[in-house]
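To keep things clear, I will list the structure first and then write my remarks on it.
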Amino acid sequence: MPEINFPFSNKLITWYLQNKRELPWRQTKDPYRIWLSEIILQQTRVAQGLPYYETFVATYPNVYELAKAPEEDVLKLWQGLGYYSRARNLRFTANFVANELNGVFPNTYESLKKLKGVGDYTASAIASICYQEPAAVVDGNVYRVLSRVFGVATPINSTAGIKEFKLLAQTLLDEKQPGVFNQAIMEFGARYCVPQNPACEGCIFSENCMAFTSRTVSELPVKLKKLKVKKRYFNYIVLLSIDHKTRLNQRLGKGIWQNLYEFPLVETTNEVSEGDLKREPAYRNLSEEIKINSIVKYNDTPIVHKLSHQHLITTFWIVETETLHGTGIAISEIEKFPVPVLIANFLNMFTFQ
DNA sequence: AAACCGGGGTC
DNA sequence: GACCCAGGTTT
């Protein structure tokens, strides 16, 4: 534990009050809105999450409205934001609060943390902002600011690091205004003590910052290795029937994009030719069920869709078929389904006829 | 403890 | 290409 011999909290909060952004969730202490904003902002930049927050508040002004919504509607509004388990848990927890808790959110760190989708960070954020409970938040910004100012080189994604930084943040916390302190340290990390090339010369902590005085700013925080990205080969079968239908399947079970929709997928271990594709069992099952008239590759070079830990090397195949009867969906209905960005991008490029 | 879960911004 | 973002859950 580093020694603290300067007024960290006072300096930080003074900076915050002079430099904070006016954000919609800073205008309220309504736990529903604070909770909603915190879920949206998990692993998500303010600029990216802001329009989603506005849409959700407008569509679901309170927890009852959100609780009533079908999961598919929530996923549709969430489309493009990523980490879709957040949306599924959001709806689940809204339902729980509305039906089991009479619409009243838990008001302590411990009870908030029991909610699905609410972990240490989010429980601390809601408890401190809405209920003035002295619970320190530790997000990516906090790791960065504290590791630099106090020269802590413990890896932030190790068990020891998680404990050490939580304790340090809790020690520094201004217990008289925990919500302000928490937002201040995050704002400072997001806007001043940024990951790359921070303006250390003019920093309020330049005299006290261990990283700055020892010229190790670019080496902190320390983070343990990254895992290797896996390559997967996706072949999407875009059915076009003579009765102007296509088919979307819902992704069920484990894995990415759970409960979202996509075209029938043939996943292979390599990039495949048309001949290879036709020999794939998944494709053969499809062709046994549906009479196929023609097949043509849509994109000549594969589209590489990059996720944090997977590269999806994707080819779209346009397949004309006879009637799909009840097993297809009308082309005009397609925009109603929540789809991953990979599919949404294709739909924007491709014009159905 | 390690793996898994998205999409976008930045350098 | 590497790193990161107002993290959490599952294995």
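This structure is a prediction, so every number in the text was calculated from the model and none was measured. Below, chain A is the first sequence line, B the second, and so on; all start at residue 1.
Under 4.0 angstrom from either OP1 or OP2 of B:dG6 there lies no side-chain N or O belonging to A:W78. One finds no side-chain N or O of A:Y83 lying less than 4.0 angstrom from the OP1 or OP2 phosphate oxygen of B:dC4.
Shown here is A:Q27, whose CD atom has more than 12 heavy atoms of other residues, nucleotides or ligands within 6.0 Å.
The side chain of A:N197 lies closest to B:dC11 when the candidates are C:dA6, B:dG6, B:dC11. In the set B:dG6, B:dA3, C:dG8, the nucleotide with an atom closest to the side chain of A:K225 is B:dA3.
Positionally, the nearest nucleotide of DNA chain C for A:L41 lies more toward the 5' end than for the other of A:V118 and A:L41. Along DNA chain B, the nucleotide closest to A:L224 and the one closest to A:S308 are compared, and the more 5′ of them pairs with A:L224.
Counting any heavy atom pair closer than 4.0 Å across all strands shown, A:Q310 reaches sugar-phosphate atoms only and no base atom. A:N182 comes within 4.0 angstrom of nothing in the nucleic acid, heavy atoms only. If you check every strand for non-hydrogen atoms under 4.0 Å, A:V341 touches sugar and phosphate atoms only. Residue-level contact check: A:G80 touches the backbone only, with heavy atoms under 4.0 Å from sugar-phosphate atoms and none from bases.
Salt-bridge check for A:R247 with A:E289: passed, with a basic side-chain N closer than 4.0 Å to an acidic carboxylate O. The pair A:E110-A:K113 does not count as a salt bridge, with every side-chain nitrogen at least 4.0 angstrom from each carboxylate oxygen.
A:T213 contributes a side-chain N or O that, together with a main-chain N or O of A:M210, makes up a donor-acceptor pair within less than 3.5 Å.
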